[in-house]
Amino acid sequence: MTGTTSTPAGPERTTLVAALNAALRAALAEDPRTLLMGEDIGRLGGVFRVTDGLQKDFGEGRVMDTPLAESGIVGTAIGLALSGYRPVVEIQFDGFVFPAYDQIVTQLAKMHARSRGKVRLPVVIRIPYGGGIGAVEHHSESPEALFAHVAGLRVMSPATPSDAYWMLREAIRSDDPVVFLEPKRRYYEKGEVDRRPAARPGPPRARVVREGTDLTLVAYGPMVATCLNAAAVAAEEGHELEVIDLRSISPIDFDAVDRSVRRTGRLVVAHEAPVFFGAGAEIAARITERCFYHLEAPVLRVGGFHTPYPPSRLEDEYLPGLDRVLDAVDRALAA
Amino acid sequence: MTGTTSTPAGPERTTLVAALNAALRAALAEDPRTLLMGEDIGRLGGVFRVTDGLQKDFGEGRVMDTPLAESGIVGTAIGLALSGYRPVVEIQFDGFVFPAYDQIVTQLAKMHARSRGKVRLPVVIRIPYGGGIGAVEHHSESPEALFAHVAGLRVMSPATPSDAYWMLREAIRSDDPVVFLEPKRRYYEKGEVDRRPAARPGPPRARVVREGTDLTLVAYGPMVATCLNAAAVAAEEGHELEVIDLRSISPIDFDAVDRSVRRTGRLVVAHEAPVFFGAGAEIAARITERCFYHLEAPVLRVGGFHTPYPPSRLEDEYLPGLDRVLDAVDRALAA
Amino acid sequence: MTGDGVRLLAPDGTRVPHPEHSIDLSPEELRSLYRDMALARRFDAEGVTLQRQGELGLWPSLLGQEAAQVGSVRALRDDDHAFPSYREHAVALGRGMDPLALLRLFRGVDHGDWDPAEHRFHLYTLVIGSQTLHATGYALGLAKDGSESAVVAYFGDGATAQGDVSEAFNFAAVYGAPVVFFCQNNQWAISESNERQTRVPLHQRARGFGFPGVRVDGNDVLACLAVTRWALERARRGEGPTLIEAFTYRMGAHTTSDDPSRYRDAAEVESWRAKDPLLRLERLLRAEGASDDAFFAATEAAGEELAARVREGVRSMAAPGVHELFDHVYAEPHALVDEERAAFDVYRAAFVQEG
Amino acid sequence: MTGDGVRLLAPDGTRVPHPEHSIDLSPEELRSLYRDMALARRFDAEGVTLQRQGELGLWPSLLGQEAAQVGSVRALRDDDHAFPSYREHAVALGRGMDPLALLRLFRGVDHGDWDPAEHRFHLYTLVIGSQTLHATGYALGLAKDGSESAVVAYFGDGATAQGDVSEAFNFAAVYGAPVVFFCQNNQWAISESNERQTRVPLHQRARGFGFPGVRVDGNDVLACLAVTRWALERARRGEGPTLIEAFTYRMGAHTTSDDPSRYRDAAEVESWRAKDPLLRLERLLRAEGASDDAFFAATEAAGEELAARVREGVRSMAAPGVHELFDHVYAEPHALVDEERAAFDVYRAAFVQEG
Ligand SMILES: Cc1ncc(C[n+]2csc(CCOP(=O)(O)OP(=O)(O)O)c2C)c(N)n1
Ligand SMILES: Cc1ncc(C[n+]2csc(CCOP(=O)(O)OP(=O)(O)O)c2C)c(N)n1
Ligand SMILES: [Mg+2]
Ligand SMILES: [Mg+2]
């Protein structure tokens, strides 16, 4: 397979990593202007192997190992985008995106508005994010709020291999800069992926992944699976939870949440990132404003604490796992 | 006056800039370990003259003009703090803090937790922030949410000359790193400042700056004066608004807001920063959770749009001025 | 290579031979360089005046840096690209930019919204040093395309302290990008002199990243042209980046908001007046009989005409419409921006009704 | 100054004269250097083993870099300070650190929580390059105090590409800070070889910032000691920073998570085996009669003892208490953290009760 992708005859079962790899491969094959840039993405294939084999097949000019400098990577990606390329940047871990934060916030996010639409920057910044893999410091963080607050960026996170494939394709297709957050602790989980063009969905909208009537549970990325587990447990206790996968964190598909909450009257939002100034705050504030007279209980948030991500031997306590989600659900149902 | 400060006999009327200058002067005089660092803070006295005269009086070793590199400034300030100094860093404008964001988020904020309390980093990062001064791009932003979401930092913003003086003294005294946001469009407004030691308040808590019974209006920094104006106008229309100045944005004194909302039943939060993922979201979410059965209307937020800060000829439309605050108040009262 | 650097034209207007960087220009070309410098200076003065009159929010004057900018931009081919900082007004004019586009930015009508593709002149960049990486990336793109175009990145002496500029040097060196780093060392970064920014002359920085650095007399338009042309040719030949340190002087304040009397001596400014870039070319032109009083009078008149056009243009600039707030945040539809725009319209409609 | 750099001890164990950096060590000192390298190697091997056994989450091996670390740290005075990256285990031991402190970090019990003041050995830093600025700031603090202590900042070849490292070079140069930048060029930054990070040998970077850069044979413990000592003396005399590029090799994987067979040739690794830092000192010691089989046997036994102690220590490490989550976020009381701690306690109490 040299620079080409085969279109499968039907859906396949693959890991989330393999789906991302397939999406990058397809984008490289389809559009010669697509480039990959990052640390160790070439021969190594990235520390998580998301780019495995791509440099071999598309060459060093299209899959570029860069110097170890995140600001340099994003800054030169902006220049490449200005010159007509569509760079897809890999940041090795969530905690290492901050040296590039200035370029992302002051340049990448703003250049379209600055030029009143004359400049488009189709740059994707892929970041493996989140905890639960037993890693050392800076390797388990969830910085989505720090991007979502910044106008000009789109922020999204897939929860399944199928979404990983199609959302990454969509991110690369988009003419807006996208921060693409990959739930690293779900990298090796498998799911069905239909890569045939006919299966292509549009831009990511929220999806009801389990229907229910008693309470709405909103999540994205790595927490969607946790919330589905919680819903299964709650069902045994007679509570039907509706689980929504947001997919996009900026913008947020409030209409979908709104619709659900009007039926259930109760909402719990779960994410790994710290609760304070996190996505849950925005969702709680906006949905309460929209659905004030439909809510039978205050919106509850479950997420990380206002602490740095802890050493790995404490991460089970820190992460909002099944029990903490169920606890919030119970409290919301009791209210 | 060489390296000393005179204690005044009583309160004085000064500008906010003069109050900040006096606070820095007092800190330099009291503790030889206090250092000022930044671009153009020496002979020029800073672009806003906050450090006017301090290098002359305390020398280049204590008031250091630095190379033009914000990451370098904060990174070396961390090293100086490790060696026992108490650096007060000036970032020239809000929009130029991002090159230092990595050092602030991954090092300054985390080193106390990382070392389990063995390392303290008493570093203050002063940032003139906010709009309304007719400036060019990057000179009018309100990045507080991007710091408040990060555990390990304290974030505060004074609204008056008196608070400017005492809160900056408190920030410098604190053993935690503080992001100190100075409302630059209020720099030349005057107010009473009592610099006598007996007047020293403790760590910043929210303050009721106007009492009222119909609705609680929460703000901080430059928006406090706007909200007081709004309350005055509303009073003419027969609505008594209670205005709270938060002073501290991380942590937030929720108890004070809670107490007020339990009485008024209505809450509007105003800030210049974009509403999406802004401080208003956190306040709305938490107060709604705490006061669900006391709220007669959803918490409303008024603030910046999800757009980059606009060219100055549009800033009057962008900034939440008197009319937009009153509009939100009216809507909250009508609900 | 210390002192003033490569020089082809002395302050007294005499030519100076140089073994590597000689240049042969026709009288017409010399006049045209003079004219560009004179127009830039007049335009710049008008910027200062308009700010004083309240028509602009801010103006960063290029006074003293005309040779560095006009000389370097003249070296560019039409298909080359310039990435400016925020003081490159003469570079803008040299690329064919509408001067009013610059003024819109400093009036606060927009953030500098020209189409970089039109004149291969990119957006003004206010975050110090950022554009050096964009220029490097652009140059990489050109190289990938197999193009022979090259890129010039403009920045100041203060900018060299920023990590981004070092990263740009390194990326350019590692990938051999066709980019020329053109540093206008005007001796000051607002109130900070060179010693606060670097321990050694700036052009030396490049060597440590593996490419040549050259100092050039930044008030000598011929030298700036010759050295930039040489560096661009290197870039085109695939020999990678070059750093040019144009040793010049910021004769005015940092911007109209600044008060340089707080931090620098009038005597220093005075000493640089003797090295004025226009004066020395005027002396050459007169000495070599390449132009006469009529030429200078005509140039001055052209300057006044430009100033009048600019003045008029600024005063009649339309204010931006309020929807500009929302219209260009994203390239593609965005629910939140749409929602906020709609709410804003409702608010304004009610407000207009009420009051 | 290319090739292997300053060398005092050849791979075959013979001494090499050097005009500037000769060093005179007693047999006892030589043995002690060997011992430190051998213990560090044994400790490091135990780290790898413990990771393989699931006792540690990760281990970054220093195999091959013993001479660079032991030689440089030996040059420090007791009152000097070392700012490590994350692979400086031999530096840690050299400063008198408890090896278990390092293992707690890689076991995930804490983030590396030792008190930097205790051994003047600062915290491991995982964000590449950040600590070079902290080291520079610390050095500035020492200079302000009028102290004669100095600082060594450790980092890798890959780190040199980070803006922070260039900014540290520049701050140190501008202020003349007493800091030695010790770059262990182990040829690889995970899978990327030097050519991806720099176009020229790394020690050359310093010149462009205005201070000397020296390459030293990083597998020659004598040269590393001599050159670091020289650089520290410069710093103490107020002559400012020095960059030392210790030319060495990462013999193992980047960390236990890495698979170097994907990106580098076994032959390359093989070629470096011949330059082993321990072997060459052993040859010298034997050739000069400074130690015999008994010494090497005793050293090996000491290594086994260290390994056993470490193994035992890791296995009996207490898990952190859950309140560690909240206890050290701030130095002073913090309402939000208090509230979250309290809510967490309520949740856990209920949870324990339920089941
Ligand atoms: C990242 C950043 N920090 C600070 C500033 C504020 N600032 C604007 S211009 C300037 C000095 C720039 O000096 P130099 O690079 O020499 O350029 P010059 O103004 O002399 O042309 C500073 C500090 C900024 N624009 N960007
Ligand atoms: C800012 C940042 N980006 C990326 C990483 C991921 N990372 C960890 S080690 C490493 C390579 C470091 O190479 P080098 O500086 O040569 O040190 P070595 O590991 O060889 O000792 C990378 C890219 C990081 N830790 N920090
Ligand atoms: Mg300058
Ligand atoms: Mg390395």
Side-chain angles (χ1 to χ4, degrees), chain C residues 1-2 127-130 132-133 136 140 155 157-179 181 183 185 189 192-215 234 238-243 245, chain D residues 1-2 127-130 132-133 136 140 155 157-179 181 183 185 189 192-215 234 238-243 245:
Chain C
M1 185 118 31
T2 45
V127 179
I128 299 290
S130 304
T132 58
L133 282 166
T136 301
L140 286 179
F155 54 101
D157 43 296
T160 59
Q162 284 285 5
D164 270 11
V165 175
S166 285
E167 293 189 12
F169 287 177
N170 196 45
F171 272 70
V174 164
Y175 293 116
V179 56
F181 294 107
C183 174
N185 178 358
E192 299 191 14
S193 65
N194 272 203
E195 306 90 74
R196 278 301 85 190
Q197 307 294 347
T198 179
R199 195 183 174 96
V200 286
L202 288 171
H203 63 93
Q204 296 182 11
R205 187 71 50 85
R207 279 272 161 231
F209 290 92
F211 58 94
V214 186
R215 178 179 280 183
R234 288 194 69 235
E239 293 169 24
T242 309
L243 169 63
E245 178 197 3
Chain D
M1 184 117 32
T2 45
V127 179
I128 298 290
S130 303
T132 58
L133 282 167
T136 301
L140 285 179
F155 54 101
D157 44 295
T160 60
Q162 284 285 3
D164 270 10
V165 175
S166 286
E167 293 190 12
F169 287 178
N170 196 43
F171 271 70
V174 164
Y175 293 115
V179 56
F181 294 107
C183 175
N185 179 356
E192 299 191 14
S193 64
N194 272 203
E195 306 91 74
R196 279 300 85 192
Q197 307 294 348
T198 180
R199 195 183 172 94
V200 286
L202 288 171
H203 62 94
Q204 296 181 11
R205 187 70 50 86
R207 280 269 162 235
F209 290 92
F211 59 94
V214 186
R215 179 179 278 182
R234 287 193 71 236
E239 293 170 23
T242 309
L243 170 62
E245 178 195 5

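Lettering of chains follows the sequences in order, A, B, ..., and the numbering in each one begins at 1. The analysis underlying the following values was restricted to heavy atoms, covering all of them including side chains, and did not include hydrogens, waters or symmetry mates.
The shortest heavy-atom contact between D:R199 and C:F209 is CB-O, 3.8 Å.
Ranked by heavy-atom pairs under 4.5 Å with chain C, the list D:S166, D:A168, D:A206 is led by D:S166. The residue among D:R207, D:R205, D:E167 with the most heavy atom pairs within less than 4.5 Å of chain C is D:R205. The greatest number of non-hydrogen atom pairs below 4.5 Å with chain D, out of C:T198, C:T160, C:D164, C:V165, is found for C:T198. Between chain C and the options D:G240, D:G210, D:G176, heavy-atom pairs under 4.5 Å are most frequent for D:G210.
Although no hydrogens or angles enter the test, the distance criterion places a donor-acceptor pair under 3.5 Å between the side chain of D:N170 and the main chain of C:Q197.
Between C:V174 and D:R196 the shortest side-chain heavy-atom distance falls below 4.5 Å.
The parts of D:Q162 that come within reach of chain C are both its backbone and its side chain, each placing non-hydrogen atoms under 4.5 angstrom from that chain. Contact of C:Y175 with chain D is made through the side chain alone, with heavy-atom distances under 4.5 Å.
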